[in-house]
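These notes concern the structure reproduced below.
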Amino acid sequence: MPQRTQPCPVRDKCTRAKSGGRTLSLRPRDQQQVLDEARTQQTSQEWRAKYATRAGVEGTIHQAVAVTGMRRARYRGLQKTHLEHAYSAVALNLIRLDAWWNGHPLDRTRSSHLARLDLSLTA
């Protein structure tokens, strides 16, 4: 006859989940070592400077997709697609120049619903 397992007496110190429980994932040693090395490199100033450039590029790509819909080309053919990209780049530059000249930052800082509610009550 199988034995029934007893609930863990210290479960509330491990997890707050009502059902299921805590899981532990162990990677193979070589994968874990590569991951640890990458995390160590990410603490260096050289890596942070390199990543800051990448973050700027990704921000530009996000803006291009959001504003001009550049994820898909509207036209067929390399020449028309190139012209579309050139017009999109000009449009992004004009948007950025307008924001710079008028002193409006392009980045929108996120705020929680509670913070927005608080702002609407105090205004």
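Between Gln42 and Arg48, the side chains place no donor N or O within less than 3.5 Å of an acceptor N or O (distance only, hydrogens not considered).
Within the model, atoms OG1 of Thr68 and CD1 of Ile95 stand 8.0 Å from one another, a figure rounded to the nearest 0.5 Å. Distance check, rounded to the nearest 0.5 Å: CD of Gln33 to CG of Asp36 gives 7.5 Å.
Counting non-hydrogen atoms of other residues, nucleotides and ligands closer than 6.0 Å to CH2 of Trp47 gives a total above 12. Heavy atoms from other residues, nucleotides or ligands lying under 6.0 Å from CG of Leu97 number more than 12. Taking a 6.0 Å sphere around NE2 of His82, one finds it holds 12 or fewer heavy atoms contributed by other residues, nucleotides or ligands. The number of heavy atoms from other shown groups lying within 6.0 Å of CD (Glu58) is above 12.
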Criterion side chain to side chain contact (heavy atoms under 4.5 Å, CB included) on Gln41 and Glu46, from CA distance to verdict: CA-CA 9 Å; Gln41 289 175 356; Glu46 178 185 341; over 6 Å; no

Derivation of the side chain to side chain contact (heavy atoms under 4.5 Å, CB included) call for Arg27 and Val34: CA-CA 11 Å; Arg27 293 180 181 85; Val34 170; over 6 Å; no

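With sequence neighbours left out, the side-chain contact (heavy atoms from CB on, under 4.5 Å) criterion links Arg74 to Glu84.
A 4.5 Å side-chain heavy-atom check between Val65 and Arg72 finds every atom pair outside the cut-off. A heavy-atom distance below 4.5 Å is not found between the side chains of Met70 and Ile61.
Apart from Leu94 itself, the hydrophobic cluster it occupies contains Val90, where clustering links Ile, Leu, Val, Met, Phe, Trp and Tyr at side-chain heavy-atom distances under 4.5 Å.
Remark: side-chain polar atoms of Ser44 are not paired, donor with acceptor, to backbone N or O of Thr40 under 3.5 angstrom.
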